[in-house]
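Here the structure is laid out as structure tokens; the discussion comes afterwards.
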Amino acid sequence: MITPRPLDLSALNPAQREAVTVPPGPVLVFAGAGSGKTRCLTHRIAWLLGQGVDPAGILAITFTNKAAREMRERLAGLLGVLPEDPNSPLASMRIGTFHAQFMRLLRTMPLDEFGITSRFRVYDEDDSERVVKQALSDAGAADLKPDAVVDAISTWKNLGLQPDDALARASDAREYRLANLYAAYQIKLAASDAVDFDDLLLLPMLALSRDNALRSKWASRFRHVLVDEFQDTNAVQLELLKQLSSVHRSLWVVGDDSQSIYSWRGAQVENILSFEESFPDARRIVLDQNYRSTTTILNAANQLITANSRGIAKKLWSSHGAGHGIVFKRLIDEDNEALFIVREMRRLHVQLGVSYEKMAILMRKNSQSRALEAKLSLGGVPYRVIGGVKFWTRVEVKDLVSWLRAIVSPRDGMAWSRALSKPKRGIGAASIEKLAEYAASHGNDWVAACSAAVSGELAVTMRAAAREQLSQFILLRNGWANEAGSVEPQQLIRRVLSSSHLLESYDDGSDTSQRRQDNLAEVVNAAGAYEPGQLERMLDEVALSSEADNEAKEAVSVMTMHAAKGLEFPVVFICGCEAGILPMINSDDVEEERRLFYVGITRAQRLLYLTAAAQRSTWGKTSPQAVSPFVRELPADLLTKLPADRA
DNA sequence: TCAGCCGCATTTTTT
DNA sequence: ATGCGGCTGA
């Protein structure tokens, strides 16, 4: 074991130092935007290690993979070790997202009561929606929208409710039907030996609450639990945290209620607002010194958030100067808006030497990126869109991953039906349906179903061509399944790619085909990071990650304000500052929209631009756009209003 | 089984 | 505008 480098606390302000060195117990750190939250968190862990705490007893939880990676890297820096050094304290510490941590825990738990094995697969939203559609068609409920059902199920799960609870609480016919669909959905998931994202948290919570021995085992193991972005936790996550800290009671959380922007995902601001009720002996520490932004930007943000009725009043302050005024510019339409932004970026780059990676364009929704991307490439400004269509959910990528999932699991129905039908080879919906039915009544075993279709009782019902294709498919699949435990994932994927003819099937000369082939190659590339026999591990990580490793290049970042949380840029453009976009027209929580705008504004370090379009085309229709009411809530003296362009 | 056509909804947002 | 799901005819 390497002795940690002595920790230097002299660079911290008094509040930060208190947060780092506070005695173990329930601790709530209110950390305003840019107040050194990650710094505190990493110093806290390093300090604990310095106190002689066993790293294996430390559990540090984030919401995103990116945040987890950053925490690991910064901690490594503090400790003077490499992030992946197997001999460092980091290696035995648990740092990761809620979903990744609790998936790991769930795999070690008894799962019979849930009808799944410890080798369960994780269904993404797309898979889940397909399962819901099946349940809907089974139930003959054509009038219910899949979205609404998915929503209802997720809401229940985020509250910690199982199908029986939902049924018991149903107060009208519609809710009763939804609850029944929830039950049907859950049965289908279990049949596929699969869980969804919400289950990764719900199932461990249920298991821990029912099994006292299990709970005390894990609660004893985790001596210190630390949580980032605590304001975004939902009921299940809070319960998990209570369970895991029930023995040592060292729960250190950091968050900011002003940056709570995920209530639509079940996040409850109450978790942070009433932390002291959950933990009466909790210490509260407030970090309100901002190290990020000019006072102009901070004052604008402070003023904006006062319009919200809920929340803990706190004013961020900074010793930075006033800096430049916030630029507001209204353009004719979204194309001109994009053009203005691109020109301004080029001007900053050429005249002031600001490198492109120091600039970001933030938007309310991903669909706004279309116009921006067009003008960015036209203007020769390098850019990358963060978020957007997730790499691992692109059709061609999912096709390939489905093959891998079918290799690993004989029960993963979604993967089997997808792999069997892509690429097209004469096995259509009708054949898949027969296989699915057979599997359902034979232990959900798709290998058995395929055998039955090739030469068993199902064979008479299949066409000769389909039977021939199935025979080849199952031969290949079983061969790979035998190797999967020992061969290099990359080797295996290369073989899958060539034998399945997936790559060729996307070689149709269309403009998207090259992109799709590149994406498939990127999957092969990503597999290079895994050791022999680690295919399942790769699939786990893929299920919980959205991004492929995107190379760091000098480029402008384009992303939603949601995706920007936790980041900072010297120059920030917030586009689409219009009523209907900010706040979003169909949002029922204006205060959350305001917090989102607050998050956007507080990403900026030196220079902030707000842009709006006077008219905007949506779905082929052009409509006039009013300026966002939020812009009017900013102090006028902090704004530099450029003359609006007129049509 | 599948290509091609039509009608319709879509664009809110970590994992 | 565009892409998806559903339907139809070959």
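Sequence lines set the chain letters: A, B, ... in the order given, protein chains first and strands last, and positions in each chain run from 1.
- Between Phe597(A) atom CZ and dT13(B) atom C1' the separation is 17 Å, expressed in whole Å.
- Under the stacking definition used here (centres under 5.5 Å, planes under 30°), the residue Phe63(A) fails to qualify as stacked on the base of dT15(B).
- Using a 4.0 Å heavy-atom distance criterion, Asp124(A) is classed as making no nucleic acid contact.
- In terms of polar N and O atoms assigned as donor or acceptor, the side chain of Arg265(A) comes within less than 3.5 Å of the base of dT15(B) in a complementary pairing.
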Using a cut-off of under 3.5 Å, enumerate the N/O to N/O pairs linking the protein to nucleotides 1-7 of chain B.
{"from": "dT1(B)", "atom 1": "OP1", "to": "Ser431(A)", "atom 2": "OG", "distance (Å)": "2.8"}
{"from": "dT1(B)", "atom 1": "OP2", "to": "Ala430(A)", "atom 2": "N", "distance (Å)": "3.4"}
{"from": "dC2(B)", "atom 1": "OP1", "to": "Gly426(A)", "atom 2": "N", "distance (Å)": "3.0"}

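- Shown here are the side chain to side chain contact (heavy atoms under 4.5 Å, CB included) partners of Glu129(A), two or more places apart in sequence or in another chain: Lys133(A), Pro146(A), Asp147(A), Val150(A).
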**Message:** At under 4.0 Å between heavy atoms, how does the protein contact nucleotides 1-10 of chain C? Give one character per nucleotide, 5' to 3', with B, S or -.
**Reply:** BS--S-----
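- Residues Asp257(A) and Arg595(A) are not paired through a salt bridge, judged by the lack of any N-O separation under 4.0 Å between the basic side chain and the carboxylate.
- Atom pair Asn366(A):CG and dT12(B):C1' shows a separation of 8 Å (rounding to whole Å applied).
- Figure legend: cation-pi geometry between Arg94(A) and Phe222(A) absent, as NZ or CZ is not positioned both under 6.0 Å from the six-membered ring centre and within 45° of its axis.
- The P atoms of dC4(C) and dT13(B) are separated by 16 Å, rounded to the nearest whole Å.
- With hydrogens and angles ignored, no donor-acceptor pair closer than 3.5 Å exists between the side chain of Thr64(A) and the base of dT14(B).
- Enclosure of atom CZ in Arg107(A) by more than 12 non-hydrogen atoms of other residues, nucleotides or ligands within 6.0 angstrom is indicated.
- Summary of the strand contacts: Asp147(A) and His99(A) both lie near DNA chain B, and taking for each the nucleotide with the nearest heavy atom, the more 5' one is attributed to Asp147(A).
- Atom CD1 in Ile574(A) sits about 17 Å away from atom P in dT13(B), given to the nearest Å.
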